[in-house]
Number of protein chains: 2
Amino acid sequence: MRYGALEAGGTKMIVAIGDENGKILERASFPTLTPAETMPKMIDFFKDKEIVSLGIACFGPIDLNKESKTYGYITSTPKLDWKNYDIVGEFKRALNVPVGFDTDVNGSLLGEITWGCAQNKTDAIYLTIGTGIGGGVMTNGKLLHGMLHPEMGHIKLALEEGDSYKGKCPYHGTCFEGLAAGPAIEERWGKKAVELADNKEVWELESAYIAQALSSYILTLSPQIIILGGGVMHQMQLFPLIRKKVIEQLNGYINTDEIKNIDEYIVPASLNDDQGIMGAVKLAIDAA
Amino acid sequence: MRYGALEAGGTKMIVAIGDENGKILERASFPTLTPAETMPKMIDFFKDKEIVSLGIACFGPIDLNKESKTYGYITSTPKLDWKNYDIVGEFKRALNVPVGFDTDVNGSLLGEITWGCAQNKTDAIYLTIGTGIGGGVMTNGKLLHGMLHPEMGHIKLALEEGDSYKGKCPYHGTCFEGLAAGPAIEERWGKKAVELADNKEVWELESAYIAQALSSYILTLSPQIIILGGGVMHQMQLFPLIRKKVIEQLNGYINTDEIKNIDEYIVPASLNDDQGIMGAVKLAIDAA
């Protein structure tokens, strides 16, 4: 069987054809311009590929409530051309196949759960730290939507001692994203994260904020594994620092085998940055 | 049918007989002394009541992992007499009926979901703010356990401007419980919460910390309703303050019907403080 997959991001759209094992048979990428410019290119890509269904892992916020009149829409995104855009409906009409739909981060989590490092887990978090910070969550073996979907990059954090940075988030200032996403690193230190790889001070502070957020998620969601992806997390020196600080912050309060084996609990994404598009394949499989 | 129910708390044990509608037919209460003193009294209460099963909503931490050798145990509690105590096993052996088991806060949530204000919800939080702070969570229609169970009263919060209190939590200092549970209020202001009802400054600060925690839970768990119970939440003047501050803190980032109707979103417990024992009845029904 051939499944269509779209990892819809604010910067680029990755389209692919995958099989039932998550293998990517073919792929292409288009810059995210307006729907009028970008949709026809994606539809052309899928048109003659004999796909049985399409899965879309999409930037947000999006409407995932199947009872809602605007189910399948991108809603209040700052990318104004895509605001209130019926992306699921447009693809359904153009391709005439069932369409699965979820957040980009739930897509990445689904990829890791199905084919990656979170197989056999029922409760897991996939967190991306890059231009923004977002999280996908599985609880009791199902992707979490709830009222809307998690927007866990926006939790407020306590400033580290001596830090007086005002934060970069236009909504919340010093939320996690405002303190620790790529643009915050760049504004704080005057260079991009990749150019700061050797500056220990940068990663001490960055890992402290990531650890504070992860500790909060652990206490709230009680996941069995936390997977960290996104551009900032390509700085692999972060992982030992984050793990050490999570243990310090929990301070012996949570005593589980998972926390004792923290190297297997807080882990990098395992699918060579294909977790998102592979998750979109799984969304298609589940929709077929 | 008659079901046995136990709401096991660190201070007292409430035992009851309930029916399939959650109606409490009979109840008693015993102080939580040692197992040797308190268990026989509870077993005596249940012994001749012809119950088909028993539900226990229990103080923790507890082991809820059915694969674990210590499933059904109270584990690392500071109440040392009950540490590593096989409470489920003891009742099973004494009464020879199936036993349902969950946290006290999941019990209260289950009561509200089954017979109270959270009926028809699939994603909900019950938070108790009293001597401690703890939360029960339902996601996708199931109680959340994950790796262990949420310990969401222990998330770290940012101090409010001008606040220099060191916090009361022996593990985390200024976590939510350390800043806002009953003992923190008493230490900070020199009086118990009930004696401070008319002091506006107390409730401005208290509501700010509660709102900060709720905003974090909303962004992480995306619940459809948040129910607040426990002794501190008997101060009903807190509710309008909390709602106002949650809206200020989310700052327009989450636009859902629930947030727009916040009076029905952040609500007091609805079962006259019987949510816990009624939830224990439901645990018994589900175990039968």
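The figures that follow rest on heavy atoms only: side chains count, while hydrogens, waters and symmetry mates do not. Naming convention: chains lettered A, B, ... in sequence-line order (proteins, then strands); numbering from 1 in each chain.
- Using a 4.5 Å cut-off between heavy atoms, B:Leu148 touches chain A through backbone and side chain atoms alike.
- Sparse packing is recorded around CG of B:Asn120, with 12 or fewer heavy atoms of other residues, nucleotides or ligands lying under 6.0 Å away.
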Problem set entry | Step-by-step side-chain contact (heavy atoms from CB on, under 4.5 Å) determination, B:Thr139 to A:Leu144 | CA-CA 7 Å; B:Thr139 57; A:Leu144 177 64; 3.8 Å; yes

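- The contact list for residues 56-71 of chain A toward chain B, using heavy atoms and a distance under 4.5 Å, is empty.
- Counting heavy-atom pairs under 4.5 Å between each of A:His154, A:His149, A:Gln249, A:Glu258 and chain B puts A:His154 at the top.
- Using a 4.5 Å cut-off between heavy atoms, B:Leu143 contacts chain A through its backbone alone, with no side-chain atom that close.
- Applying a 4.5 Å heavy-atom cutoff, none of the residues of residues 103-110 of chain A approach chain B.
- Judged by distance alone, the side chains of A:His172 and B:Tyr253 never bring a donor and an acceptor atom under 3.5 Å apart.
- For residues 211-223 of chain A, the interface with chain B (any heavy-atom pair closer than 4.5 Å) comprises A:Gln212, A:Ser216, A:Tyr217, A:Ile218, A:Leu219, A:Thr220, A:Leu221, A:Ser222, A:Pro223, sorted by residue number.
- No part of B:Leu159 comes within reach of chain A, as not one of its non-hydrogen atoms sits under 4.5 angstrom from that chain.
- When the candidates A:Gly153, A:Ala124, A:Ala158 are compared by the number of heavy-atom contacts under 4.5 Å with chain B, A:Ala158 comes out ahead.
- In this structure, CD1 in A:Ile155 is found 7.0 Å from CD1 in B:Ile155, a value given to the nearest 0.5 Å.
- The closest donor-acceptor contact from the side chain of A:Asn251 to the backbone of B:Tyr171 lies under 3.5 Å.
- The list of salt bridge (Lys or Arg N to Asp or Glu O under 4.0 Å) pairs with a residue in residues 159-175 of chain B, not counting sequence neighbours, reads B:Asp163-B:Arg188, B:Lys168-B:Glu187.
- With a 6.0 Å radius and a threshold of 12 heavy atoms from other residues, nucleotides or ligands, B:Lys142 has its NZ atom at or below the threshold.
- Ranked by heavy-atom pairs under 4.5 Å with chain A, the list B:Thr174, B:Asp257, B:Leu250 is led by B:Leu250.
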